[in-house]
There are 2 protein chains.
Amino acid sequence: MNKLHSQTLPCMLQLARRDQRAIDLAKAKRVQKWQRDPEGMRLRILEAAKQEFAAHGLAGARVDRIAANAGANKRMLYYHVGNKEDLYLAVLEGAYEKIRSEERGLDLEHLDPPEAIERLIDFTWNYFLRNPEFLALLNTENLAKARHLKRSTKVKSMHSPFVEMIRTVVTRGVESGDFRVAVDPVQLYISIAALCFFYLSNSATLSVIFGRDLLKKEARDERLAHMVALVLAALTGKSTADFGKPATSGVRPPAHQPV
Amino acid sequence: MNKLHSQTLPCMLQLARRDQRAIDLAKAKRVQKWQRDPEGMRLRILEAAKQEFAAHGLAGARVDRIAANAGANKRMLYYHVGNKEDLYLAVLEGAYEKIRSEERGLDLEHLDPPEAIERLIDFTWNYFLRNPEFLALLNTENLAKARHLKRSTKVKSMHSPFVEMIRTVVTRGVESGDFRVAVDPVQLYISIAALCFFYLSNSATLSVIFGRDLLKKEARDERLAHMVALVLAALTGKSTADFGKPATSGVRPPAHQPV
DNA sequence: GGGGAAATTAACCCGTTGGATAAATACTGG
DNA sequence: CCAGTATTTATCCAACGGGTTAATTTCCCC
C-alpha cells in the first residue's frame with residue numbers, strides 16, 4: 001500500500017525516546033534529517049520482518065515491505081541483519097527464544113498435578129492466542145522441512161523446559177494417585193501443543209468448513225474447556241462437567257450450532 | 001534442476017496408453033512430435049501443481065516447474081486450468097474432494113463405539129501419513145486466511161461426513177454405557193484431527209527440537225497408540241495398556257529417549 | 001482426404017524483486 | 001573542532017517469473 005513513500009521515510013523524529021537529546025542537538029545546530037539508533041532500528045526491522053514472514057511465508061515475504069514497515073531503508077536490512085534468509089532465521093530464533101523464555105517463568109512444581117496440567121494447557125493456549133505469528137512461522141518452517149532450524153545451533157540448544165517439568169508432574173501425579181498411568185512426557189507435550197496449535201493455526205479453514213467462527217470468545221472458551229477436560233479425564237479417569245453434556249444428542253447450545 | 005529441457009519436453013510417446021493407435025498413426029505417416037491428450041494433460045498438470053504447491057506454498061511455487069514436472073509447456077497450464085491462483089484453487093478443491101470421498105467410505109455405524117473411535121483415529125492418522133501434501137496445502141491455505149476456500153462454493157458444500165457419524169457414535173456410546181459423557185462431535189473431530197495433524201505437519205521442527213526422528217516406524221506406532229489411548233481413556237474412563245507405563249519415572253524404553 | 005477446430009509448442013514481454021554500489025550525512029574520540 | 005567511522009540515503013541492475021501472442025501440429029468429421 002504505502003510502498004513508495006514509506007520506503008524513503010526516515011526514522012524521523014522518534015519522538016518517544018531520546019527526545020531530549022534530539023531537541024538539544026537540533027536547536028544547537030542545523031536541523032537534522034535523521035538520527036542514529038542502531039539497536040532500535042534492528043528491533044524495528046526484526047519486528048517488521050516477523051510480521052511479514054508470518055503473514056506471507058518465506059517466499060511470499062517482500063524485503064521492500066519489511067523495510068517500509070520498519071520505517072527503514074531497504075539497505076538497512078542487509079546492514080543490520082543480512083539477506084532475506086538471515087532475516088528469516090533471526091526472526092525464527094527470536095520466536096523460539098521468546099516462547100522458551102516465557103515457558104521458563106511458569107513453575108508447575110508447586111501445583112497439584114492436575115492443576116499443573118491445566119495450567120500448562122492454559123498457558124500454551126493463551127501463548128498461541130497472543131502470538132499468532134509464532135504459529136505461522138512454525139508452519140512456514142515446517143513447509144521448508146526445518147531446513148533453517150537444522151542449521152541453527154542457537155535453537156537446537158534451547159530445549160523446552162516443559163518436557164522435564166511434565167515428567168516430574170506425571171510422576172508426582174501417579175505417586176499421589178491423582179493420575180492412573182504414567183504417560184510419556186514428550187507424547188503428552190506434543191498432544192497438548194497439538195490440541196491448541198491445530199485449532200488456532202487452522203481456524204481459518206475450519207471456520208469455513210464448519211460454517212462458524214471458531215475464534216469468537218465463546219468458541220475459544222468452549223475449546224479451552226474441552227481440551228482441559230479431555231486431557232485431565234484421560235490422566236485422572238474422572239470426567240469434569242465441561243467435557244460433555246448429557247447424552248441426548250443434538251442439544252448443544254445454539255451458539256455452537258453451525259450457522 | 002531439469003528446468004531447461006523438461007520445459008520443452010513434449011508429452012512424447014506416452015507409451016503406456018493409447019500406444020496402439022500411436023504406433024498405427026506413426027507408421028502410417030510421418031513421425032509425430034506430440035500427441036493429443038487433454039484429459040491426461042489436465043491430470044498431469046494438477047498432480048504436478050499439487051506437488052509444487054505442497055512443497056513450496058503458494059508464493060514459493062513456480063509455474064515453470066509445474067509445467068516441467070507435468071511434461072508440458074507452460075502455456076498448457078493457462079489453457080487447461082487458468083492462472084496460478086486458479087491452479088492452486090483447483091488443487092485445493094481436489095484435495096478436499098479426495099479426503100471427503102475416502103471418509104465417506106468408512107462406515108462407523110456398525111462398530112462398537114470404542115472401536116469406531118479407534119478406527120476413526122486410525123483412518124485419520126493413516127490418511128495424513130499417506131497424503132502429506134494435504135497437510136501442506138491446508139497450512140498454506142491457512143496462511144492465506146482461507147482466502148481461496150471462502151470463494152470456493154465447491155468446497156463449502158462438501159461437509160465432512162464425520163461430524164454426524166461421530167455424533168451418532170457418541171450417542172450410542174453413552175447409551176450403551178461405553179462412554180461416560182456426551183462430547184461435542186465437532187470438538188472431538190477437531191481434537192482427533194489435531195493430534196494427528198500437528199504431529200505429522202510439524203514433525204520436521206519437532207524432530208529437531210527433540211533430537212529424534214519422529215517419523216520412523218517405531219515412533220509412528222507409538223504415536224498412534226498414544227492418541228488412541230488418550231482419546232479412549234477420556235471417553236470411556238478406562239485406561240488401556242498402551243497409554244502409559246508404570247509410575248517409575250525415567251524408564252521409557254531406549255527407543256524413546258532423545259538421542 | 002482435406003478443412004477446420006482443438007491441442008500444443010515456441011518465443012517473447014515486462015513488471016517485480018532481491019541484492020549491490022556509491023554517495024551523503026550523523027556521530028565520536030582525540 | 002576535526003578526522004574517521006558508523007549509519008542512512010539514493011539509484012541501479014540483472015535475473016526471475018507470471019502471463020501472453022502467434023505460429024504449428026494433430027485429429028475429428030464431413
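- Less than 4.0 Å separates DNA chain C from no heavy atom of any residue of residues 142-151 of chain B.
- Here the P atom of nucleotide C:dG18 and the CG atom of A:N83 are 11 Å apart, to the nearest Å.
- Closest to the A:V63 side chain, of the nucleotides D:dT20, C:dG18, D:dT26, is C:dG18.
- Taking atom CG of residue B:L43 and atom P of nucleotide C:dA7, one finds them 14 Å apart after rounding to whole Å.
- A donor-acceptor contact under 3.5 Å is not formed by the side chain of B:K84 with the base of D:dG19.
- Atom CG in A:D64 sits about 14 Å away from atom C1' in D:dA10, given to the nearest Å.
- Evaluation of the side-chain hydrogen bond (donor to acceptor under 3.5 Å, both in side chains) rule for A:E93 yields A:S152 as partners, not counting sequence neighbours.
- Residues satisfying the side chain to side chain contact (heavy atoms under 4.5 Å, CB included) test with B:L43, not counting sequence neighbours, are none.
- Taking the side chain of B:R62 as heavy atoms from C-beta on, and the options D:dC27, D:dT25, D:dG17, the nearest nucleotide is D:dG17.
- The distance between atom CG of A:D86 and atom C1' of C:dG19, rounded to the nearest whole Å, is 12 Å.
- When rounded to the nearest whole Å, the span between CD of A:E52 and P of C:dT17 equals 10 Å.
- Distances were taken from every side-chain heavy atom of B:R75 (C-beta onward) to each of C:dG19, D:dT20, D:dT9; the shortest belongs to D:dT20.
- No donor-acceptor contact under 3.5 Å links the side chain of B:D37 to the base of C:dA7.
- A salt bridge is absent between A:E222 and A:K217: the closest approach of a Lys/Arg side-chain nitrogen to an acidic carboxylate oxygen does not fall below 4.0 angstrom.
- We find that NZ of B:K33 is positioned 8 Å from P of C:dA10, with the value rounded to whole Å.
- Straight-line distance from the CG atom of A:N73 to the P atom of C:dT25: 14 Å, rounded to whole Å.
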What protein N or O atoms touch nucleotides 1-6 of chain C N or O atoms at under 3.5 angstrom, if any, and at what distances?
from, atom 1, to, atom 2, distance (Å)
C:dA6, N3, B:R36, NH2, 2.2

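- Between the side chains of A:N142 and B:S201, no donor-acceptor pair of N or O atoms lies under 3.5 Å.
- Scanning for ring-ring contact (aromatic ring centres under 6.0 Å, His included) contacts around A:F198 gives B:F197, with sequence neighbours left out.
- At D:dT25, none of the side-chain N or O atoms of B:Q35 fall inside 4.0 Å of OP1 or OP2 (strictly under the cut-off).
- Applying the ring pair (Phe, Tyr, Trp, His ring centres under 6.0 Å) definition to pairs two or more places apart or across chains, none involves residues 60-80 of chain A.
- Ring geometry for A:W125 versus A:Y199: interplanar angle of 30 to 60°, hence tilted.
- Under the ring-ring contact (aromatic ring centres under 6.0 Å, His included) criterion, A:Y88 pairs with A:F53, A:H148, not counting sequence neighbours.
- Taking the salt bridge (charged side-chain N to carboxylate O under 4.0 Å, His left out) definition, one finds that B:E97 meets it with nothing, sequence neighbours left out.
- Between A:H80 and D:dA6 there is no side-chain polar atom (N or O) within less than 4.0 angstrom of OP1 or OP2.
- Nucleic acid contact for A:A61: sugar-phosphate only, since backbone atoms but no base atoms lie under 4.0 Å from a heavy atom of the residue.
- By the side-chain hydrogen bond (donor to acceptor under 3.5 Å, both in side chains) test, A:K156 is found to be paired with no residue, residues two or more places apart in sequence or in another chain being considered.
- Going from atom CD of B:Q32 over to atom P of C:dA7 covers 16 Å, rounded to whole Å.
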